[in-house]
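Computed over heavy atoms, backbone and side chain alike; hydrogens, waters and symmetry mates excluded. We're numbering straight along the sequence, starting at 1.
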Amino acid sequence: MIMAPTPMKTEHPDAGALFEADQLASLSLSLDVTRAQFSDMLPRFEAKRFRDFHFTVEEKEADGRWPVRSWGMGTARL
């Protein structure tokens with residue numbers, strides 16, 4: 001899930017969070033991005049140019065989530 005900020009959004013100290021699903025063997029990644037980052041990413045997703053994605057997580061917290069410290073992505077050239 002990638003969410004762009006809204007005027008009502010509060011500041012977040014982390015770049016996002018990685019969550020473990022309760023009932024499924026899966027992880028979910030939630031990223032907090034700027035409006036400009038969201039606008040840059042969306043056309044690349046639509047054009048299927050999204051190639052590399054990496055993120056750095058901190059140690060697991062008591063609430064069961066791993067804070068995402070940083071993230072980045074690469075795209076294929078046309």
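To the nearest 0.5 angstrom, Leu31 atom CG is 8.0 Å from Phe55 atom CZ. One finds the CZ atom of Arg44 at 6.0 Å from the CZ atom of Arg49 (value rounded to the nearest 0.5 Å).
Checked against Trp71 for a side-chain contact (heavy atoms from CB on, under 4.5 Å), the options Val33, Leu29, Val57 give a single hit: Val33.
Under a 3.5 Å cut-off, the side chain of Arg51 and the backbone N or O of Lys48 do form a donor-acceptor pair. Side chain of Arg65 to main chain of Glu61: no donor-acceptor pair is present (N/O by atom type, distance under 3.5 Å, no hydrogens or angles).
For the residue pair His54 and Met73, the shortest heavy atom distance occurs at CE1-N, 4.0 Å.
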